[in-house]
Amino acid sequence: MARRVVDVLVPVALDRAYSYRVPDKFDVAPGDIVCVPLGPREATAVVWAENPKPSPRLDNRLKEVEEKLDYPPLRPELRSFVEWVANYTLSSRGMVMRMCLRMGEHLPEERERVGVRLSGSAPRRVTPARQRVLNLLADGMARGKSEAAREAGVSTSVIDSLIDDGAVEAVALPPERVAEKPDPDFVQPEFTAAQPAAAAALKTTVAQGGFSVTLLDGVTGSGKTEVYFEAVADTIRAGRQALILMPEIALTAQFLDRFAARFGVRPAEWHSELSPRKRARTWAAVAKGDVPVVVGARSALFLPFADLGLIVVDEEHDPAYKQEDGVHYHARDMAVVRGHVAKIPVVLSSATPSVESEVNARRGRYARLALPERFGGQRLPSVEAIDLRRAPPPRGRFISPVLAEAVKTVLERREQALLFLNRRGYAPLTLCRCCGFRFSCPNCDAWLVDHRFRRHLVCHHCGFAMPHPPNCPKCGAQASFVACGPGAERLEEEVHVLFPDARVLVLSSDLVASVERMREEFADVAAGRFDIVIGTQLVAKGHHFPMLNLVGVVDADLGLSNGDPRAAERTFQLLHQVVGRAGRDAGVGHGLLQTHQPDHPVLRALIAQDREAFYNAEIDLRERTHYPPFGRLASIIVSGPDRHDTAAYAREIARAAPINENATQGVRVLGPAEAPLALIRGRHRMRLLIKAPRNYDLSAYLRRLLAKAPKRRGAIKLEIDVDPQSFL
Ligand code: ADP
Ligand code: ZN
């Protein structure tokens, strides 16, 4: 008799599920997480469907499901989501499903945690260090040993000596919880101005349930977070789970504290820097429904929530939501899809919505909740341009006298200034004064960036790094190198010259060792331990620095002229956000933009604080040119070690495009052309851009095109990016 067969999706780059026999020992159903033999190894996989009519030819050869793992099954809603994402992004279902399976198997047994508490007997000898430990433990609570040492500011040997002494005893602690339960009623916020109406509307949305998208559109500092916390609170009250997505996990330190201030405890976190153990425990707790709120980076979207009731996408416009390797997906767009599949509300929050979301709100497809004023009546910062053509900085410097004067004034008032320059390192280009030789990356089509702090020349695309050579590699001249252009580190030098007494901090992602360290630095800024902060885009987002009243943008033109169709939108959002860090608490915020083109529409809109003007112009342009959201785009990047072969193959792909369909449906295949970054990591890159009308099924078209394309040869790789954000 034929035995039952199921189709199992395995976590590899395969679209189809494999058939396995169900053994007699146990039963499985779709969604179950199982262990199956896969070639020479075993894989954790998911039962995807029953297979009622397996081919009889296969029957004897089929392998058996080895084991059913002790996890809750992946819910139908998550499985539909996987199907949807795979279909849309042209990724294999196996790779998308793999993003859901982050339970971390094969971790070693968890070690017992050792805690310490007072034993009740007095120590025989008391040193200042011992006293600090005794003070800390005076409340009678047990704490982890290393935690107690850290809090008391002593080494663990001091605690060991107190244990030997009998004053402190060691106890076994229960395993640390993933997160305590947030209390929706921990504090009742008092809302003002437009906040009560927005909060009430969100509460109604949550109460009604079902799929909806709300754009929470509030100026910087308007209290968007406080407002969407109400939706989170109601979701917790309803016993369901809420997911809050953040573009950059480093910015969450303040966020976690604000969450704790509202809900009594910090939420569970999900991001790439979690330890494997923490990740495993969080995953399991989310699946069991033990974790009411998760704050996470984009990958949190693939967590197996037991009962997801709400998704919030904070800073929804942020480009960091786009994943650009492996499965190319946009977490904001996919959050909307997951909300649709799960039939739950989605809240998108931003002061500078993406053009896509803005258009959806204007058309009424998304509900819009507006918070037009800052909390506490704080005024929005005033913004002015510094025309570098008229008031340039001194030779070899980058801070114009006007900006320097403004910084001086805030320092005299004992307030903070932020100098924003979205460029890591010391200088973007280094050349030889004698022969003009320029340092470029051997693997990429890019200059090496001088990182003096790390004492290396570094490629920002592949990570190649080399120490500064003493002589020019080409002409042999000694000490002949000149740094061209500014980077954050170079700006620091200039700031020290201009303001020798100021306490200066450079905040740049390459300078901090860990997320923890970065969080400490943000806290230091918020606490006023620095006078001038020099920051790359890391500082633009979400932070609340109460003493910061001046933001100087050192190069407002950077990013406007790179030929990217989203350059205007990106620059507007980034500069608006960074200027929005000023004047959030007390005093008057001020933004100064150093530019060579003060009449550029983006700069004019920023200066006039006329957001509508910017969106109107940008939407109009996109509509005329059929760019998203008025048309659809996908890109295909062909890369390979040999330039000629890569280009030849890219041309074959273009020829595989279904010509008839192109003409009748209005699809256009542009290129191939050499990508702006023509070489990365030793691979030559060609791009094709496919443009299609708005409601066209571009994914299906791409699938047809690829099916007709000749087989890939050798080491040539194809990357498909539906709705590309990057055009490099
Ligand atoms: P946004 O996210 O819109 O930029 P935030 O949510 O960061 O604004 O709010 C700005 C500041 O105002 C924060 O420090 C926040 O705690 C405070 N705030 C906003 N609304 C309230 C409120 N209703 N009660 C108390 N503080 C609030
Ligand atoms: Zn490189």
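In each ligand, atom 1 is the first atom listed, and ligand 1 is the first ligand listed. Atom set for the values below is all heavy atoms of this structure, side chains included, hydrogens, waters and symmetry mates excluded.
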**Asked** Between Phe453 and Tyr426, does the ring centre distance come in under 6.0 Å?
**Response**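 No, they do not, as the ring centres are separated by 6.0 Å or more.
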
Could you list which atoms of ligand 1 come closer than 4.0 Å to a heavy atom of [X]?
{"X": "Thr220", "answer": "4 (O)"}
{"X": "Ser222", "answer": "1 (P), 3 (O), 8 (O)"}
{"X": "Phe191", "answer": "23 (N)"}

Of all the non-hydrogen atoms in the protein, which one sits nearest to [atom], and at what distance?
{"atom": "atom 6 (O) of ligand 1", "result": "Arg258 NH2, 2.6 Å"}
{"atom": "atom 20 (N) of ligand 1", "result": "Gln195 NE2, 2.9 Å"}
{"atom": "atom 25 (C) of ligand 1", "result": "Phe375 CZ, 3.3 Å"}
{"atom": "atom 3 (O) of ligand 1", "result": "Lys224 NZ, 2.8 Å"}
{"atom": "atom 4 (O) of ligand 1", "result": "Gly221 N, 2.7 Å"}

Can you check whether [X] has an N/O within less than 3.5 Å of an N/O in ligand 1?
{"X": "Gly223", "result": "yes"}
{"X": "Thr192", "result": "no"}
{"X": "Gly218", "result": "no"}

**Asked** If you measure from OG1 on Thr220 to CG on Leu380, what distance do you get to the nearest 0.5 Å?
**Response**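 One finds 5.5 Å between OG1 of Thr220 and CG of Leu380.
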
**Message:** Can you tell me how far apart CG (Leu728) and CG (Asp564) are? Round to the nearest 0.5 Å.
**Reply:**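 It comes to 7.0 Å.
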
**Aromatic plane relationship, Phe522 with Phe545 - under 30° parallel, 30 to 60° tilted, over 60° perpendicular** =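 Answer is parallel, since the angle falls under 30°.
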
**Request:** Evaluate the ring planes of Phe572 and Phe614, with Trp represented by its six-membered ring, and classify them as parallel (under 30°), tilted (30 to 60°) or perpendicular (over 60°).
**Result:**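 If you compare the ring of Phe572 with that of Phe614, the planes turn out parallel.
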
**Asked** Is a side-chain donor or acceptor of Asp531 paired with a backbone partner of Arg503 at a separation under 3.5 angstrom?
**Response**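 Yes, Asp531 side chain to Arg503 backbone: donor-acceptor pair under 3.5 Å.
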
**Item:** Test item: Glu719 side-chain N/O and Ile637 main-chain N/O as donor-acceptor pair under 3.5 Å
**Value:**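 Flag not set: sc Glu719 to bb Ile637 has no pair under 3.5 Å.
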
So, does [X] sit close enough to ligand 1 that a heavy atom of it is under 4.0 Å from the ligand?
{"X": "Arg374", "answer": "no"}
{"X": "Pro189", "answer": "no"}
{"X": "Val219", "answer": "yes"}

Using a strict threshold of under 4.0 Å (side-chain N to carboxylate O), is an ion pair present between [Y] and [X]?
{"X": "Arg611", "Y": "Asp217", "value": "yes"}
{"X": "Glu315", "Y": "Lys224", "value": "no"}
{"X": "Asp721", "Y": "Lys322", "value": "yes"}

**Asked** Would you say Cys441 reaches the Zn ion (ligand 2) with an N/O/S atom under 2.8 Å?
**Response**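 So Cys441 counts as coordinating the Zn ion (ligand 2), yes.
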
**Message:** At a threshold of 2.8 Å, where the distance has to be below it, does the Zn ion (ligand 2) have an N, O or S atom of Cys444 nearby?
**Reply:**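 Looking at Cys444, which is the residue asked about, there is an N, O or S atom under 2.8 Å from the Zn ion (ligand 2).
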
**Request:** Report the member of Glu226, His544, Glu190 with the shortest heavy-atom distance to atom 23 (N) of ligand 1.
**Result:**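 Among Glu226, His544, Glu190, the closest heavy atom to atom 23 (N) of ligand 1 belongs to Glu190.
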
**Prompt:** What part of Thr225, side chain, backbone, both or neither, has a heavy atom within less than 4.0 angstrom of ligand 1?
**Reply:**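 The answer is both, backbone and side chain.
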
**Request:** Would you give the angle at the Zn ion (ligand 2) between Cys462 atom SG and Cys459 atom SG, to the nearest 10°?
**Result:**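 Value, to the nearest 10 degrees: 110°.
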
**Asked** Counting heavy atoms not belonging to Lys717, are there more than 12 under 6.0 Å from its NZ?
**Response**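 No, because the 6.0 Å sphere around NZ of Lys717 holds 12 heavy atoms or fewer from other groups.
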
**Request:** Test Glu356 against every option in Arg566, Arg365, Arg332 by the salt bridge (Lys or Arg N to Asp or Glu O under 4.0 Å) rule and name the one that passes.
**Result:**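 Testing each of Arg566, Arg365, Arg332 against Glu356, the sole residue satisfying salt bridge (Lys or Arg N to Asp or Glu O under 4.0 Å) is Arg566.
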
